[in-house]
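Numbering of residues begins at 1 and proceeds along the displayed sequence.
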Amino acid sequence: MPPSISHSSSHDPFSIRKRRYFFRNILDIDRDGIVRWKDLEELLVRVEILARKDEFIRSKMALIGLWHDLTDSQISETDWLELWNEKKEEKDEESMVDHVFTLLDPSGDGLIDESEYVHVLAFFGKSRDEAMTCFDSIGRTPLGEPIFAIDSKRFISLWKEFFYSDDPSSHGSRLFGIVD
């Protein structure tokens with residue numbers, strides 16, 4: 001039986017709620033409170049069904065890399081939150097960012113466009129409408145002007161906003177879906 005998971009509280013800083021959201025909605029596929037390799041295997045099954053062969057291979061390699069960056073056995077939500085409290089080696093987080101960027105850029109062209117983004121968020125159970133709403137938010141310059149694809153430099157900025165900002169209106173707050 002998994003450890004009990006505290007539910008998000010409106011008293012938690014928004015950055016912690018987003019970290020919980022990422023754990024629960026992106027990593028913990030079976031929603032049992034523990035991420036094991038079987039969660040990522042289930043995600044790979046979903047990716048293989050939806051993706052072209054070349055996209056599947058890139059996504060599979062990204063997920064394997066992400067898993068090895070995080071753990072060698074399993075990770076609980078508490079462990080996940082503690083990872084963000086520890087002083088991480090910058091190269092470790094850069095590696096995780098690279099793997100997630102690769103997952104969101106299955107074409108491998110170095111840009112995440114709306115079509116790829118919507119397609120990949122479907123792997124995580126996000127509706128087309130939610131994904132398009134999120135891309136409309138993240139697909140903007142810091143000044144709010146629309147852009148049509150996100151490069152790795154912009155993705156890193158969005159990543160930092162997602163994991164470190166307590167501002168719900170920051171563009172990166174919707175990088176992986178709508179967080180309540």
Side-chain angles (χ1 to χ4, degrees), residues 8 12-28 35 40 43 47 51 55 58-59 61-70 75 77 79-180:
S8 296
D12 286 337
F14 191 55
S15 58
I16 293 174
R17 291 200 326 258
K18 291 185 289 185
R19 292 170 191 164
R20 282 191 170 117
Y21 173 91
F22 187 88
F23 181 88
R24 294 174 183 172
N25 293 279
I26 305 299
L27 299 176
D28 189 12
V35 174
L40 296 186
L43 180 56
V47 171
E55 290 175 348
R58 287 180 50 78
S59 297
M61 298 309 295
L63 284 170
I64 290 169
L66 179 61
W67 176 254
H68 289 296
D69 282 351
L70 293 174
I75 187 168
E77 183 175 304
D79 296 335
W80 173 252
L81 293 174
E82 286 176 7
L83 281 172
W84 293 99
N85 292 330
E86 296 173 2
K87 174 122 174 79
K88 293 182 294 306
E89 291 290 323
E90 192 171 311
K91 66 179 177 57
D92 292 338
E93 187 168 0
E94 286 175 9
S95 179
M96 194 178 343
V97 171
D98 288 344
H99 293 309
V100 175
F101 184 84
T102 299
L103 182 65
L104 291 169
D105 177 30
S107 70
D109 66 356
L111 297 170
I112 302 167
D113 62 31
E114 182 181 59
S115 174
E116 287 175 316
Y117 180 81
V118 169
H119 185 73
V120 173
L121 256 58
F123 301 158
F124 300 103
K126 304 300 168 205
S127 72
R128 178 176 174 73
D129 287 343
E130 179 179 351
M132 290 181 73
T133 297
C134 291
F135 191 84
D136 186 52
S137 179
I138 67 170
R140 299 204 171 266
T141 67
L143 298 175
E145 299 163 341
I147 55 176
F148 300 99
I150 298 165
D151 63 14
S152 61
K153 182 179 176 184
R154 178 72 181 133
F155 184 77
I156 290 167
S157 175
L158 293 166
W159 175 278
K160 289 178 181 177
E161 287 179 13
F162 184 86
F163 284 105
Y164 299 106
S165 171
D166 280 320
D167 179 4
S169 66
S170 69
H171 297 295
S173 289
R174 290 192 165 182
L175 183 57
F176 301 105
I178 297 173
V179 179
D180 51 6

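- Contact annotation: the side chain of Ile112 approaches that of Phe101 to within less than 4.5 Å [non-hydrogen atoms, C-beta and beyond].
- Using a distance-only test at 3.5 Å, with no hydrogens or angles considered, a donor-acceptor pair links the side chain of Arg17 to the main chain of Asp180.
- A donor-acceptor pair under 3.5 Å is formed between the side chain of Ser173 and the backbone N or O of Asp167.
- Rounded to the nearest 0.5 angstrom, Arg20 CZ and Glu77 CD are separated by 5.5 Å.
- Residues Thr102 and Met61 fail the side-chain proximity criterion, which asks for heavy atoms closer than 4.5 Å.
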### Query
What do the steps show when you test Leu81 against Phe23 for side-chain contact (heavy atoms from CB on, under 4.5 Å), and what is the final call?
CA-CA 9 Å; Leu81 293 174; Phe23 181 88; over 6 Å; no
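- Once rounded to the nearest 0.5 Å, the distance linking CZ of Arg154 with CD1 of Ile147 reads 5.5 Å.
- Ring planes of Phe123 and His119: perpendicular class, angle over 60° (limits at 30 and 60°).
- Taking the ring centroids of Phe162 and Phe176, they lie under the 6.0 Å cut-off.
- Rounding to the nearest 0.5 angstrom, the gap separating the NZ atom in Lys126 from the OG1 atom in Thr133 is 12.5 Å.
- The main-chain N or O of Gly110 is found under 3.5 Å from a side-chain atom of Asp105 such that the two form a donor-acceptor pair.
- For the pair Ile75 and Leu27, the minimum side-chain heavy-atom distance is 4.5 Å or more.
- Atoms CZ and OG, from Arg174 and Ser169 in turn, are 10.5 Å apart once rounded to the nearest 0.5 Å.
- A donor-acceptor pair under 3.5 Å links the side-chain atoms of Asp166 to the main chain of Phe14, judged by distance alone.
- Ser115 OG to Phe135 CZ: the interatomic distance, rounded to the nearest 0.5 Å, is 9.5 Å.
- Listed here is the closest heavy atom pair of Ser137 and His171: O-ND1, 2.9 Å.
- Atom CD1 of Ile156 sits about 12.5 Å away from atom CD of Glu161, to the nearest 0.5 Å.
- Of the possible donor and acceptor atoms, one in the side chain of Glu130 sits under 3.5 Å from a partner among the backbone N and O of Ile178.
- With a 4.5 Å cut-off on side-chain heavy atoms, Ile138 and Tyr117 count as touching.
- Between the Lys18 side chain and the Leu175 main chain, no donor and acceptor come within less than 3.5 Å of each other.
- Closest of all the heavy-atom pairs between Ser165 and Ser15 is O-CB, 3.5 Å.
- Closest approach of Leu104 to Val120, counting heavy atoms only: CD2-CG1, 3.5 Å.
- Without hydrogens or angle criteria, Trp80 side chain to Arg19 main chain gives a donor-acceptor distance under 3.5 Å.
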